[in-house]
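Order of appearance sets the numbers: ligands from 1, and atoms from 1 within every ligand. Nothing here was measured: the structure is a model prediction, and the numbers come from that model.
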Amino acid sequence: MSKLVIIANRLPVTITKREGKLALHPSTGGLATGLGSFYREKKGVWMGWPGMPSQNLRGMEGEVNSRLEELDCRPVFLTRHQVENFYHGFSNKTLWPLFHYFVQYTTFDNRLWEAYKKANRYYCKAALKVATEEDTIWIHDYQLLLLPGMIREKLPKATIGFFLHIPFPSFEIFRLLPWREEIMEGLLGADLIGFHTYDYVRHFLSSTRRLLGYDHNLGLITTKDRMVKVDTFPIGIDFLRFFRAAELPEVKNGIQRMKRRIGNRKMILSVDRLDYTKGILQRLDAFDLFLEKHPQYRDKVTLVLVAVPSRTKVDQYMQLKKEVDEHIGRINGRYGTLGWSPILYLYRSLPFTTLTALYNLAQVALVTPLRDGMNLVAKEYVACKRDNLGVLVLSEMAGAAREMGEAIMVNPYNPKEVSNALKTALEMGEEEQRERSLRMKERLRRYDVRRWAGEFLEKLTSIREIQERMEAKKLRGIALRHFLDEYSQSHKALLFLDYDGTLVPFADRPDKAQPDREIKAILQDLATTSQNRIVLVSGRTRETLDQWFGGLPVDMVAEHGVWLKEQNSPWELIEPLKQDWKGVIRPIMEVYVDRTPGALVEEKEFSLVWHYRRSEPELGHQRARELKDALLNITENLNLSILEGSRVIEVKPSNVNKGMAATRWLSQGSWDFIMAVGDDWTDEDLFDAMPPQAYSIKVGLSISRARFNMDSPYRVQGLLKEMVKVKRESYE
Ligand code: ADQ
């Protein structure tokens with residue numbers, strides 16, 4: 001039976017050792033709190049590091065294994081060296097700062113990269129002991145970016161999902177990584193890649209296009225051999241657990257204790273891991289400004305600042321701890337009185353009951369990260385509010401801002417704005433508080449962590465189904481045998497073949513795609529081993545086709561169906577066509593050439609083509625969209641159509657296409673075998689024109705109206721050679 005295997009850097013529990021005895025505690029951090037309750041309900045297994053170097057657990061591995069097994073966890077033991085170089089090293093000194101736009105904190109060190117690769121391989125080895133090809137493997141976060149590709153190599157048919165919990169930065173930042181291509185290839189080993197927000201999806205798609213040249217259609221990327229879906233799944237929280245927390249006696253006690261501690265003052269709450277991305281120093285500066293500008297609030301508010309110790313071995317974190325201490329000391333020194341400290345600082349991890357007591361009591365939650373993948377604290381705070389009173393001040397740099405529009409939004413780098421927001425929050429009327437809270441809360445209730453995980457896994461299943469449908473359409477196995485049998489027994493076969501992208505791969509320059517001797521030999525053999533009619537159906541000009549294929553016994557269609565040529569006859573126009581429209585369209589295309597370095601206009605006899613194959617891909621795509629918009633109205637009135645090919649926009653008369661051209665041959669006789677092969681969407685018209693029994697074959701993995709798919713032009717060449725061979729054998 002298939003199972004769910006979750007793989008993350010950490011387990012949802014952390015092991016500690018005191019006086020030789022093991023103890024297990026729930027791990028902090030978004031992922032552990034978010035998914036910790038979900039995977040067991042799904043009867044899943046969770047693999048990850050238990051939080052202590054293997055040297056410290058020597059001799060106790062058996063006990064660790066069995067204690068964890070009770071919780072459906074499987075440990076991946078990391079040595080001190082791995083923790084240092086892989087976890088504190090590449091993960092937290094390279095990827096974490098870079099993906100949060102802290103380029104100045106980013107270390108680029110090949111030694112750490114090697115350790116990262118090795119550790120990912122190590123996770124892979126551990127995963128292969130637990131997971132099989134029938135299982136659903138769900139990999140999490142930035143520590144394991146290479147793992148999807150590594151597992152895919154060993155288990156090609158496995159179902160693999162990947163979710164990134166931190167931001168995916170814009171290409172301008174991501175491109176700084178010396179190992180960027182390997183990382184992208186690693187990630188693309190997954191079937192589904194999830195992010196919190198659409199911005200991160202956009203950034204990722206832009207990087208795949210620019211670094212690896214893979215285009216996408218609505219987030220569906222076609223790589224060399226597979227389809228990979230990229231989509232948005234904003235993580236939710238365990239809503240009911242937070243919502244019901246106030247009913248717990250410990251929480252009620254906690255609220256009373258805290259009330260005694262802060263007296264009648266209003267409480268402003270700040271909760272994070274102590275991390276430079278969370279904007280704690282900037283928050284303290286804003287609070288300082290608030291007390292300075294609004295003295296009436298002195299002794300009337302207390303900022304409870306909770307910080308969980310985090311990555312305490314990394315330099316920047318040590319430095320940050322020191323600066324936070326100093327800031328707090330300064331503010332408390334400046335405004336504090338005998339009976340009042342403006343800031344109550346709790347530097348520790350808090351149990352759930354204390355944390356939720358604080359959420360319940362706080363009038364304002366000040367959540368102002370400088371960058372944050374999502375931020376669960378914002379969500380937990382709102383979920384805890386039974387009476388819907390309390391105001392969330394939220395950074396626009398947190399992923400959560402995309403869903404929590406009712407919060408007071410701030411730029412965390414602007415102390416004046418944050419200070420003003422604090423004042424607005426403290427003075428907000430109860431009705432407005434309720435209104436804002438309720439709307440956010442209903443969303444949190446509906447889209448909780450179970451729904452999040454459920455939707456991710458559902459999407460993963462659906463992308464697998466699409467892949468399987470594509471697989472089933474591949475011309476191979478029994479289908480291929482039928483194809484070859486039918487062909488070898490045929491007497492009169494008609495073969496339509498597109499050229500660029502079908503018989504040969506796309507060249508990066510249009511003039512570099514001449515057929516080599518081998519292609520010509522294949523066509524020659526194919527045409528002469530039997531009573532075959534071969535029709536090359538191309539978008540190229542008739543001059544090019546003449547030059548390249550003139551000597552061969554084949555028929556030709558040029559300019560997507562404008563010109564037709566049967567062997568030993570001159571070229572014919574499919575029907576009288578006008579050219580006067582070119583004077584209107586050409587100047588528009590030229591404007592877009594001027595605005596797009598690398599683009600050019602090609603003039604064919606009856607069409608105009610705007611090429612952007614040599615432009616920077618993002619800009620090219622953007623301009624192509626703009627050009628298409630600009631052309632749409634005009635072309636309709638002139639009875640022209642716009643073809644969007646591979647890095648081209650082509651305008652030609654509407655009444656001409658490859659399908660119409662094909663009817664000339666289809667109507668010529670009683671063919672007992674018909675085949676049409678193409679890769680582009682201009683070939684869809686060709687496929688449509690084919691009778692039902694014909695073999696229509698799309699090259700590439702994208703969705704098509706053709707009956708079959710083939711992986712690549714190399715496969716097509718192989719198929720044509722095989723056809724020659726079976727035909728020859730049938731004569732022997
Ligand atoms: P984190 O960076 O860890 O998560 P966040 O989303 O805020 O950030 O989650 C922190 C979690 O730790 C919350 O569940 C919170 O309750 C808990 N926590 C914080 N302080 C605590 C304390 N003092 N004691 C006990 N618990 C405490 C990463 C990304 C985020 C993303 C999550 C989930 O950086 O952007 O939201 O993953 O995908």
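For Phe233 and Phe195, the ring centers sit 6.0 Å or farther from each other. For Trp113 and Phe90, the gap between ring centers is short of 6.0 Å.
Of the heavy atoms in Leu350, both backbone and side-chain atoms come closer than 4.0 Å to ligand 1. At a heavy-atom distance under 4.0 Å, no atom of Lys379 approaches ligand 1. Residue contacts with ligand 1 for Tyr359 involve side-chain atoms from C-beta outward but no N, CA, C or O (heavy atoms, distance under 4.0 Å). At a heavy-atom cutoff of 4.0 Å, ligand 1 is contacted by both the backbone and the side chain of Leu376. Contacts of Thr277 with ligand 1, taken as heavy-atom pairs under 4.0 Å, are absent altogether. Contact annotation for Trp96 and ligand 1: only side-chain heavy atoms (C-beta onward) come within less than 4.0 Å of the ligand.
No N or O atom of Ile166 sits closer than 3.5 Å to an N or O atom of ligand 1. In terms of N/O distances under 3.5 Å, ligand 1 is not approached by Leu355. Taking any N or O of Arg348, backbone or side chain, at least one lies under 3.5 Å from an N or O belonging to ligand 1.
Summarising the local packing, OH of Tyr347 is surrounded by more than 12 heavy atoms from other residues, nucleotides or ligands at distances under 6.0 Å.
Here the closest non-hydrogen pair linking Leu305 and Ile343 is CB-CG2, 4.1 Å.
Distances below 4.0 Å separate heavy atoms of Lys278 from the following atoms of ligand 1: 1 (P), 2 (O), 7 (O), 8 (O). Close approach of ligand 1 to Ser349 is summarised as follows: ligand atoms under 4.0 Å from at least one heavy atom of the residue are 23 (N), 24 (N), 25 (C).
Under the 3.5 Å distance criterion, the side-chain polar atoms of Tyr116 are left unmatched by any main-chain donor or acceptor of Gly89.
Every residue was checked against the salt bridge (Lys or Arg N to Asp or Glu O under 4.0 Å) condition with Lys17, not counting sequence neighbours, and none meets it.
When the options Glu380, Arg273, Arg371 are ranked by their closest heavy atom to atom 2 (O) of ligand 1, first place goes to Arg273.
Salt bridge Glu247/Arg386: present, at least one basic N to carboxylate O contact under 4.0 Å.
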